[in-house]
Amino acid sequence: MTLRFVTAFCLVMMVITLVAAQSPAIPTSTPATVDPCAETNARLTRLENRLKDWPDLGRYHDANTKFAPPDKNEQRVVFMGDSITDS
């Protein structure tokens, strides 16, 4: 009886596997207006910009343009550090 059960179980599993393998996949619709390469192009642009300024020297460029030039007798201090001292 156990051999019949195992044989029947194996046959049922094989039939289920064959039916699942032969059933057509559900087609997914993609909008025609979406560029499939848009995400890749955006990532490529980000990586190119990072490569051009790998030490991130332009990080404070916009903030630096807001400062007025130092007065005649004014002395300023520039702090330099890395990502550990950034915070």
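In this text the structure is predicted, and so the values were computed from the model without any measurement.
Salt bridge E74/R76: present, at least one basic N to carboxylate O contact under 4.0 Å.
Residue E39 places its CD atom among 12 or fewer non-hydrogen atoms of other residues, nucleotides or ligands, all under 6.0 Å distant.
Checked options T40, L47, N41; the residue passing with R43 is L47 (criterion: side chain to side chain contact (heavy atoms under 4.5 Å, CB included)).
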- Stepwise side-chain contact (heavy atoms from CB on, under 4.5 Å) check, D53 with N49: CA-CA 6 Å; D53 187 20; N49 291 337; over 6 Å; no
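Qualifying side chain to side chain donor-acceptor pair (under 3.5 Å) partners for R50, counting only residues two or more places apart in sequence or in other chains: none.
Between the D35 side chain and the C37 main chain, a donor and an acceptor come within less than 3.5 Å of each other.
Interatomic distance, CG of D62 versus NZ of K66, reported as 7.0 Å (0.5 Å rounding).
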